[in-house]
Amino acid sequence: MDPLRRNLAESARGFMPADEGLALHTAACDLPVAGPLLEVGSYCGKSALYLADAAQTQGRLLFAVDHHRGSEENQPGWEWHEPDLVDPEVGLLDTLPHFRRNLFMAGLEQTVVAVVGDSVAVAQAWGTPLAFLFIDGGHGETSAHNDYDYWAPHVALGGRLAIHDVFCNPAHGGRPPYEIYCRAKASKEFADVASNGSLRVLVRIAPAPS
């Protein structure tokens, strides 16, 4: 990974450890099928920097889907709330300016297409097979399962699916990301490829049901 971009990624706001970020970058390199990369849940762009660097080396685009109002766990009163990300004019989180700044500083604006909107709404209008999908959106039960239900079918045969914050031990983190990881394996459509910390990477081995 480009040293400047790696440094920017490691220092960017977000909740992904550096070793998991580098593992995500590795998983997104040398993809064997055609198509773009897409992430659900961008926050301030930490994961996008890892993914976009991999995308650029392959001449691909990364689509970054996020409403930029923060997930459930980012809201006031929750553990991962960052008050300085709240737009004082509207009283809501707005991570988009930080996301755009990080892409600009890394020289990746031409590689990343920011899609600002609801994950399900975007997925319902999506029609391009994906070479790589990274799910790291809301960790509530409804949000996580919706992200899997609506986006996983778009992963091309031979494409990769990565899921963040997968904790086998309930004491270490919320259950929904682990649940959708288990669903992916139980579907027989995906098989494990790699893991690092709470990051799981799978490959599509069977077509999605029509």
Side-chain angles (χ1 to χ4, degrees), residues 14-17 20-21 23-28 31 33 35-52 54-55 61-74 80 95 99 112-126 128-156 158-168 172-187 189-205 208:
F15 311 105
M16 173 174 285
E20 294 182 13
L24 180 66
H25 177 270
T26 297
L31 297 172
V33 297
L37 291 72
L38 187 144
E39 71 169 3
V40 181
S42 299
Y43 201 58
C44 293
K46 192 179 189 77
S47 57
L49 295 178
Y50 289 111
L51 290 173
L61 288 175
L62 166 67
F63 290 86
V65 179
D66 197 310
H67 48 58
H68 288 284
R69 295 301 189 193
S71 301
E72 297 95 325
E73 60 272 17
N74 303 134
W80 303 109
T95 57
F99 173 82
V112 181
V113 179
V115 182
V116 183
D118 176 74
S119 170
V120 170
V122 176
Q124 288 176 319
W126 190 266
T128 303
L130 300 172
F132 191 95
L133 170 64
F134 177 47
I135 297 179
D136 191 24
H139 290 2
E141 184 173 357
T142 299
S143 297
H145 284 275
N146 277 347
D147 288 341
Y148 177 78
D149 287 335
Y150 285 90
W151 282 110
H154 292 293
V155 178
R160 295 172 189 166
L161 166 65
I163 304 171
H164 194 222
D165 291 329
V166 175
F167 297 104
C168 298
H172 296 159
R175 307 314 290 151
Y178 173 74
E179 292 168 1
I180 65 172
Y181 165 69
C182 291
R183 286 183 59 194
K185 293 186 64 177
S187 73
E189 298 171 28
F190 294 93
D192 282 311
V193 170
S195 66
N196 187 299
S198 71
L199 179 71
R200 299 292 183 275
V201 182
L202 306 99
V203 60
R204 178 176 284 287
I205 57 173

Is the backbone of [Y] close enough, under 3.5 Å, to the side chain of [X] for a donor and an acceptor to pair up by distance?
X      : Y      : value
Arg160 : Ala27  : yes
Arg200 : Gly197 : yes
His164 : Ala162 : no

Measure the [atom1]-[atom2] distance between [X] and [Y] for me, rounded to the nearest 0.5 Å.
X      : Y      : atom1 : atom2 : answer
Thr95  : Arg69  : OG1   : CZ    : 9.0 Å
Cys44  : Phe99  : SG    : CZ    : 10.0 Å
Glu39  : Ser47  : CD    : OG    : 3.5 Å
Thr128 : Phe63  : OG1   : CZ    : 7.0 Å
His139 : Ile180 : NE2   : CD1   : 8.5 Å

May I ask you to check whether Tyr150 and Trp126 place their ring centers less than 6.0 Å from one another?
no
Less than 6.0 Å separating the ring centroids of Tyr43 and Phe15?
yes
Do [X] and [Y] have side chains that get closer than 4.5 Å, going by heavy atoms?
X      : Y      : result
Leu24  : Leu199 : yes
Phe134 : Leu37  : no
Glu20  : Ser198 : yes
Leu202 : Lys185 : yes
Leu62  : Pro36  : no
Phe167 : Asp165 : yes
Glu189 : Ile205 : no

Name all residues meeting the side-chain contact (heavy atoms from CB on, under 4.5 Å) criterion together with [X]; count only those two or more places apart in sequence or in a different chain, and write none if there are none.
X      : answer
Val155 : Leu133, Phe190, Arg204
His25  : Met1, Cys29, Tyr50, Asp53, Ala54
Ser119 : Val40, Asp147, Trp151

Quick check: closest heavy atoms across [X] and [Y], and the distance to 0.1 Å?
X      : Y      : value
Ala52  : Val112 : CB-CG2, 3.4 Å
Gly138 : Ser143 : O-CB, 3.7 Å
Ala131 : Gly35  : CB-O, 3.5 Å
Asn196 : Ala23  : CB-CB, 3.7 Å
Val33  : Ala156 : CG2-CB, 4.4 Å
Val120 : Asp118 : N-OD2, 3.2 Å

Between Asp192 and Tyr181, do the side chains contain an N or O donor and an N or O acceptor separated by less than 3.5 Å?
yes
Within a reach of under 6.0 Å around OH of Tyr178, are more than 12 heavy atoms found that belong to other residues, nucleotides or ligands?
no
Derivation of the side-chain hydrogen bond (donor to acceptor under 3.5 Å, both in side chains) call for His145 and Arg183:
CA-CA 9 Å; His145 284 275; Arg183 286 183 59 194; 3.0 Å; yes
By the definition side chain to side chain contact (heavy atoms under 4.5 Å, CB included), identify the one residue from Asp66, Val122, Leu38 that meets it with Val115.
Val122
